[in-house]
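First comes the structure, then the notes that go with it.
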2 protein chains.
Amino acid sequence: MTPRADATRNRARVLDSAHAVFAEHGLGASTEQIARHAGVGVGTVFRHFPTKEALLSAVLAARLDALADEAETLAAQGESGDGLYRLMRSAVAASSLKTAFAEALQRAGVDVSDAVAPARGRLTNTVGTLLDQAQRAGTARTDIEVRQVFALLVAATHAVTYLDDDPLRERTLDLILSALRP
Amino acid sequence: MTPRADATRNRARVLDSAHAVFAEHGLGASTEQIARHAGVGVGTVFRHFPTKEALLSAVLAARLDALADEAETLAAQGESGDGLYRLMRSAVAASSLKTAFAEALQRAGVDVSDAVAPARGRLTNTVGTLLDQAQRAGTARTDIEVRQVFALLVAATHAVTYLDDDPLRERTLDLILSALRP
DNA sequence: CTCTAATCGGAGTCACGGCTCCGTATTCTA
DNA sequence: TAGAATACGGAGCCGTGACTCCGATTAGAG
């Protein structure tokens with residue numbers, strides 16, 4: 001049975017708002033804050049996502065999906081070898097405004113959150129491809145593996161969040177990514 | 001007036017326990033947990049540290065002090081140029097068991113926590129010296145500055161915490177630190 | 001040893017956040 | 001357009017955690 005129109009609309013609204021609010025206030029943000037931001041009541045939030053953790057999972061899954069899409073596009077684009085770097089920059093940029101995502105990404109490794117697993121798998125695969133391409137093109141060291149790329153992603157995001165000076169942020173991101181180069 | 005013996009003893013006990021508990025359970029750990037770990041009542045905790053934030057500040061200040069001590073020892077040890085790397089390894093190791101420290105370090109940059117300021121200043125100075133030494137010895141790039149070293153420290157700590165495989169952790173730490181080399 | 005002032009312990013208060021419940025409003029089918 | 005099914009809102013319940021208060025317990029001076 002397809003759900004009612006307002007139901008789907010509100011579900012999407014809540015998901016968006018949750019992303020925005022978590023990003024701005026960290027994962028400690030209250031459900032009521034999210035509900036207010038979405039212009040709905042708390043009841044609605046909990047009907048769609050029975051638990052705060054479920055909501056977080058859903059937000060995270062959506063983010064990972066988007067990233068995975070982007071990764072696949074880049075991977076399909078060819079063997080130039082800079083796809084990996086483009087992806088990492090974009091991933092860091094997407095979450096540098098938002099402390100929360102890095103936190104979440106980190107926890108996602110621990111949580112066996114079923115909702116997140118598929119997106120995560122897809123992303124892992126594609127990043128593997130990008131890494132291969134980069135290694136074949138000679139733009140990445142050959143002695144590194146995918147898990148290290150993710151670790152660097154977490155690292156870079158935190159470093160960038162830590163700094164407050166924009167040009168310095170840029171230089172530091174370059175610095176960290178340069179660790180991957182041969 | 002010098003405080004009573006049990007007062008000083010308990011203060012130290014609480015500080016140690018707070019460090020241990022925050023390290024194991026993150027900054028969300030409850031005051032009661034800390035009190036129990038220290039074998040005192042919550043009242044005692046709040047008498048010595050009127051606020052949870054004050055307690056956190058105190059723990060952080062103690063950690064930074066210890067780090068600053070170590071940094072000064074290394075700086076005095078000479079111009080070999082590897083002091084910087086030794087310090088960073090040790091700093092990461094000290095906090096890799098403990099997610100919390102990195103979190104705290106990060107916040108310390110934002111909070112104008114008076115309790116932390118002196119230790120932080122001391123540490124910044126000495127790391128500056130270590131960086132100078134490394135640059136003169138040719139073991140560090142000359143186009144980086146102290147703030148970037150701290151950013152890398154935060155980054156490395158998070159990367160190491162993120163990974164769960166010990167040898168991989170080691171290799172990844174090497175990878176990140178290699179970004180500093182010429 | 002005694003007495004007092006400093007210190008302690010932990011039950012109790014208050015605020016806040018996750019989650020439930022149900023009367024009301026909205027969608028949609030016939 | 002009427003009626004049933006579905007979804008909504010938000011007051012309120014409950015548990016948790018920061019912080020207070022005061023009677024019980026020491027430390028340590030004399």
Side-chain angles (χ1 to χ4, degrees), chain A residues 1-61 99-100 103-104 107 111 113 115-116, chain B residues 1-61 99-100 103-104 107 111 113 115-116:
Chain A
M1 180 83 149
T2 123
R4 246 169 58 176
D6 54 349
T8 22
R9 191 182 342 117
N10 278 333
R11 190 178 197 285
R13 237 205 257 293
V14 169
L15 208 53
D16 284 354
S17 293
H19 177 211
V21 174
F22 281 147
E24 178 157 357
H25 302 287
L27 303 193
S30 73
T31 313
E32 203 184 308
Q33 253 178 303
I34 292 166
R36 210 179 316 127
H37 187 282
V40 303
V42 275
T44 301
V45 175
F46 281 101
R47 192 166 327 100
H48 289 295
F49 307 95
T51 235
K52 198 190 178 182
E53 196 187 276
L55 179 54
L56 221 180
S57 274
V59 172
L60 188 54
T99 313
E103 252 176 272
R107 272 167 231 274
D111 279 48
S113 212
V116 172
Chain B
M1 179 84 147
T2 126
R4 248 169 59 173
D6 55 347
T8 22
R9 193 183 341 118
N10 278 333
R11 190 178 197 284
R13 235 204 259 294
V14 169
L15 208 53
D16 284 355
S17 293
H19 176 211
V21 173
F22 280 147
E24 180 158 355
H25 302 287
L27 303 194
S30 74
T31 314
E32 202 184 308
Q33 252 178 304
I34 292 166
R36 211 178 316 127
H37 187 282
V40 303
V42 276
T44 302
V45 175
F46 281 101
R47 194 164 325 100
H48 289 295
F49 307 95
T51 236
K52 198 188 178 183
E53 195 188 277
L55 180 53
L56 222 181
S57 274
V59 171
L60 187 54
T99 313
E103 251 176 90
R107 274 166 229 274
D111 278 48
S113 206
V116 172

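Rounded to an integer number of Å, the gap from B/R11 CZ to C/dC8 P is 11 Å. Rounded to a whole Å, the CG atom of B/L56 is 16 Å from the P atom of D/dG17. Atom CZ in A/R13 sits roughly 14 Å away from atom C1' in D/dA7 (whole-Å rounding). Look at CZ on A/F49: it is 15 Å from P on C/dT20, rounded to the nearest Å. The CD-C1' distance, from B/E53 to D/dG17, rounds to 16 Å in whole Å.
Dashed line: the shortest gap from a side-chain N or O of B/N10 to OP1 or OP2 of C/dC8 is under 4.0 Å. The phosphate of C/dC16 (OP1 or OP2) has no side-chain N or O of A/S30 nearer than 4.0 angstrom. A close approach under 4.0 Å does not occur between any side-chain nitrogen or oxygen of B/H48 and OP1 or OP2 of C/dT7.
Across every non-hydrogen atom of B/F49 and B/L15, the tightest pair is CZ-CD1, 3.8 Å. The two residues A/S57 and A/A115 have their closest heavy-atom pair at CB-CB, 4.1 Å.
Using a distance-only test at 3.5 Å, with no hydrogens or angles considered, no donor-acceptor pair links the side chain of B/T44 to the main chain of B/V40. Side-chain atoms of A/E24 do not come within 3.5 Å of backbone N or O of A/V21 as any donor-acceptor pair. Between the side chain of B/S30 and the backbone N or O of B/Q33, at least one donor-acceptor pair lies under 3.5 Å.
Considering only side-chain atoms of A/A7, the nucleotide from C/dG18, D/dA7, C/dG10 that sits closest is D/dA7. Candidate nucleotides C/dT7, C/dA11, D/dC8 were compared by shortest atom distance to the side chain of B/R47, and C/dT7 ranks first. Nearest to the side-chain atoms of B/V40 among the listed nucleotides C/dG9, C/dA11, D/dC8 stands C/dG9. For A/T44, taking side-chain heavy atoms from C-beta onward, the closest of the listed nucleotides C/dG18, C/dT20, D/dC8 is D/dC8. Of the candidates C/dG10, C/dG18, C/dC8, the closest approach to any side-chain atom of A/F46 belongs to C/dG18.
For the atom pair NZ of B/K52 and CG of B/L27, the computed distance is 7.0 Å after rounding to the nearest 0.5 Å. Within the model, atoms CG of A/L60 and CG of A/L55 stand 11.0 Å from one another, a figure rounded to the nearest 0.5 Å. From A/H37, atom NE2 reaches atom NE2 of A/H19 across 11.0 Å, with rounding to the nearest 0.5 Å.
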Short heteroatom pairs, N/O only, protein and nucleotides 25-30 of chain D, under 3.5 Å:
| residue | atom | partner | partner atom | Å |
| --- | --- | --- | --- | --- |
| D/dT26 | O2 | B/R4 | NH1 | 3.1 |
| D/dA27 | O4' | B/R4 | NE | 3.3 |
| D/dG28 | OP1 | B/A5 | N | 2.9 |

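Counting any heavy atom pair closer than 4.0 Å across all strands shown, A/A54 reaches no nucleic acid atom.
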Please determine whether side-chain contact (heavy atoms from CB on, under 4.5 Å) holds for the pair B/I34 and B/F22, giving the CA-CA distance in whole Å, both sets of side-chain angles, and the decisive distance to 0.1 Å. CA-CA 8 Å; B/I34 292 166; B/F22 280 147; 3.8 Å; yes
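Place A/T2 and B/P50 on DNA chain D by their nearest nucleotides, and A/T2 ends up nearer the 5' end. Both A/T8 and B/G28 sit near DNA chain D, but only A/T8 has its closest nucleotide nearer the 5' end.
Using a 4.5 Å cut-off on side-chain heavy atoms (C-beta onward), A/T2 and A/T8 make no contact.
Residues from residues 31-39 of chain B with heavy atoms under 4.0 angstrom of DNA chain C, sorted by number: B/G39.
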